[in-house]
Number of protein chains: 2
Amino acid sequence: MSDSAPPEVILDHRCSNCPVRHHAICAVLDNQSSHALSDIMVHKQLVPGQPLWSDKDEAHLFAIIVSGTVKLFKMLADGRQQIVGLLFPSDCLGRAYSETQQTFAEAVTNVELCCFPRQQFEHVLTQHPELEHALLEKTLTDLDNAREWMIALGRKTASEKIASFLQQMSRRSELTRCPNHRPTPDLPTFVLPLARAEIADYLGMTMETVSRNLTKLRVDGVIRLIDGQTVEICDADRLASLAEPQ
Amino acid sequence: MSDSAPPEVILDHRCSNCPVRHHAICAVLDNQSSHALSDIMVHKQLVPGQPLWSDKDEAHLFAIIVSGTVKLFKMLADGRQQIVGLLFPSDCLGRAYSETQQTFAEAVTNVELCCFPRQQFEHVLTQHPELEHALLEKTLTDLDNAREWMIALGRKTASEKIASFLQQMSRRSELTRCPNHRPTPDLPTFVLPLARAEIADYLGMTMETVSRNLTKLRVDGVIRLIDGQTVEICDADRLASLAEPQ
DNA sequence: CGTATCGTTGATACCTGTCAATCTTGGTGG
DNA sequence: CCACCAAGATTGACAGGTATCAACGATACG
């Protein structure tokens with residue numbers, strides 16, 4: 001370790017360049033306190049389809065998503081899958097205060113992670129109540145979102161599920177888009193991070209039904225499918241009324 | 001206020017007689033600290049069907065369930081309902097750190113609540129990190145449970161949902177049963193807190209399908225319906241294999 | 001330019017929802 | 001004590017939405 005480059009400077013630099021520094025839970029830490037995290041941080045890169053862990057693995061990892069999309073999913077013995085969470089930049093990955101995982105986790109796109117050993121992260125949590133509070137707020141929001149999705153899974157029709165999903169993806173993309181990138185002249189456009197089969201696993205239906213309903217929305221002029229992955233919302237009002245009656 | 005009965009004694013008495021004192025999140029507080037909660041506590045009684053709040057109401061209440069069952073549910077504009085949470089003794093009721101509710105809440109049975117004004121409860125949370133930690137652990141568990149239920153809603157068949165539901169209720173009743181009440185000679189028995197239509201709203205299906213599948217389990221000898229609300233599990237292994245293939 | 005992967009479209013079957021009738025249960029009043 | 005009634009639960013007939021199975025088309029990649 002050279003005396004001309006003390007670790008503090010390097011570590012602080014790593015966080016200050018972080019694109020999610022002010023959106024993730026670590027935002028509540030001042031530069032001083034953030035060293036507690038940056039000291040134990042390790043960066044990791046994932047390629048699409050790369051698993052993070054299996055559902056019965058020990059939970060060693062806690063991470064913050066810097067870029068890309070991660071899916072959390074569960075599986076039945078016969079292979080049926082259900083995606084139970086989609087994680088985007090600034091979201092937390094990993095179950096604090098549990099020795100075991102209860103879901104699978106897998107990169108959907110290329111992913112950059114800011115990783116911490118779980119137990120060391122928990123140690124930082126106990127020493128920084130403001131960080132634990134931020135994690136609580138995030139977890140409460142996750143629970144709200146999970147419950148919001150439960151009414152879609154249990155009570156919405158296939159077409160309502162698709163419309164809700166597109167709304168949700170559109171809203172997400174607004175948040176992650178650079179504010180100066182899209183002033184408002186043109187229609188909301190975004191890239192679906194999930195393949196058709198994954199959308200099906202998220203919505204609790206089959207790939208074929210997903211495809212048929214996307215086609216129907218396209219034919220009806222509600223959306224435009226630019227290249228199969230890219231969606232343009234032509235009629236947001238109609239999409240909203242399809243996502244929820246009335 | 002008389003000198004012979006200082007408020008501390010009265011307040012402490014209220015908590016020390018509480019049946020969920022050692023199971024709810026307040027268990028992490030010592031007798032000294034628990035005064036911060038008992039000072040702002042109000043008891044409340046509810047009858048079946050009594051609403052706690054509506055989904056767009058302001059969130060004024062935070063409470064711990066002392067006895068009974070509470071359902072959290074969402075509604076679509078056309079009346080379709082989905083129960084997104086069932087709360088039992090020692091569970092928390094109310095959304096900390098949010099001004100608004102995102103669900104309906106309603107008593108299913110007679111309910112006793114230990115209530116706190118939400119903002120005052122939050123104040124206690126900030127002054128007692130161990131309480132906030134307990135709430136975080138509880139919220140993380142709630143999130144795990146919500147996700148576990150999502151795969152049932154999205155991917156399980158009607159009969160699998162019913163079997164899963166009965167397993168879950170059976171497990172719950174074991175926890176709330178007095179340990180000396182049921183040594184083990186006879187079969188696990190419990191009372192369904194929910195009516196058929198409510199079970200349907202929990203499982204994302206219709207009352208009729210619930211009824212048909214309960215009948216099928218009865219005819220097949222997996223369960224015995226003692227009085228429509230009381231269920232005896234005759235073959236727990238078969239029930240388990242019906243809840244999840246293999 | 002062939003091949004593999006993913007997505008779309010079609011035909012059919014089946015599970016579950018819908019609508020309706022009947023049965024059961026519990027409470028009330030004669 | 002019994003008849004009556006209302007609410008909840010069960011059962012039946014039928015229809016419709018979605019899954020399943022299969023073929024075809026599109027796209028990316030070597």
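Any value given below was found using the heavy atoms of this structure, including those in side chains, with hydrogens, waters and symmetry copies removed. All values derive from a computational prediction rather than experimental measurement. Below, chains carry the letters A, B, ... as their sequence lines are ordered, and counting in each starts from 1.
In this structure, the separation between CD1 on A:Ile151 and CG on B:Leu76 is 4.0 Å, given to the nearest 0.5 Å. We find the CE-CG distance between A:Met169 and A:Leu166 to be 9.0 Å, quoted to the nearest 0.5 Å. Interatomic distance, B:Gln101 CD to B:Lys56 NZ, rounded to the nearest 0.5 Å: 11.0 Å. Taken to the nearest 0.5 Å, the SG atom of B:Cys114 stands 5.0 Å off from the NE2 atom of B:His43. Rounding to the nearest 0.5 angstrom, the gap separating the OG atom in A:Ser211 from the CG atom in A:Leu214 is 6.5 Å. The CD1 atom of A:Ile25 sits 5.0 Å away from the CD1 atom of A:Ile64 when rounded to the nearest 0.5 Å.
In this structure, the ring of A:Phe73 has its center less than 6.0 angstrom from the ring center of A:Phe104.
Put simply, the side chain of B:Thr209 does not reach to within 4.5 Å of the side chain of B:Leu203, judged on heavy atoms. Two residues are said to be in side-chain contact when any heavy atoms from C-beta on lie closer than 4.5 Å; A:Leu46 and A:Leu52 meet this criterion. Counting heavy atoms from C-beta outward, B:Pro48 and B:Asn110 have side chains that approach closer than 4.5 Å. Within the 4.5 Å cutoff, side-chain heavy atoms of A:Met75 are placed close to those of A:Gln81.
Between A:Glu244 and B:Arg80, none of the side-chain N atoms (NZ, or NE/NH1/NH2) sits under 4.0 Å from a carboxylate O, so this pair counts as no salt bridge. Here B:Asp91 pairs with B:Arg172 in a salt bridge; the nearest charged N to carboxylate O distance falls below 4.0 Å.
Contact footprint of chain B on DNA chain D: nucleotides with an atom under 4.0 Å from a non-hydrogen protein atom, first to last in 5' to 3' order, D:dA9 to D:dA13.
Contacts with DNA chain C (heavy atom under 4.0 Å) in residues 72-84 of chain B: none are found.
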Pairs under 3.5 Å (N/O, protein and nucleotides 23-27 of chain C):
none

Could you write out each protein N or O paired with an N or O of nucleotides 6-8 of chain C at a distance under 3.5 Å?
{"residue": "C:dG7", "atom": "OP1", "partner": "A:Arg196", "partner atom": "N", "Å": "3.4"}
{"residue": "C:dG7", "atom": "OP2", "partner": "A:Arg196", "partner atom": "N", "Å": "3.4"}
{"residue": "C:dT8", "atom": "OP1", "partner": "A:Arg196", "partner atom": "NH2", "Å": "3.3"}
{"residue": "C:dT8", "atom": "OP2", "partner": "A:Arg196", "partner atom": "NE", "Å": "2.8"}
{"residue": "C:dT8", "atom": "OP2", "partner": "A:Ser211", "partner atom": "OG", "Å": "2.8"}
{"residue": "C:dT8", "atom": "O5'", "partner": "A:Ser211", "partner atom": "OG", "Å": "3.0"}

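In the helix from C:dC1-D:dG30 to C:dG30-D:dC1, the rotation axis of the first five pairs and that of the last five pairs differ in direction by 30°, rounded to 10 degrees.
For the residue pair A:Thr139 and B:Thr139, the shortest heavy atom distance occurs at CG2-CG2, 3.6 Å.
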Side chains of residues 219-231 of chain B: which donor-acceptor partners sit under 3.5 Å, not counting sequence neighbours?
{"residue": "B:Asp220", "atom": "OD2", "partner": "B:Lys216", "partner atom": "NZ", "Å": "2.9"}
{"residue": "B:Arg224", "atom": "NE", "partner": "B:Glu232", "partner atom": "OE1", "Å": "2.9"}
{"residue": "B:Asp227", "atom": "OD1", "partner": "B:Gln229", "partner atom": "N", "Å": "3.1"}
{"residue": "B:Asp227", "atom": "OD1", "partner": "B:Thr230", "partner atom": "N", "Å": "2.8"}
{"residue": "B:Asp227", "atom": "OD1", "partner": "B:Thr230", "partner atom": "OG1", "Å": "2.8"}

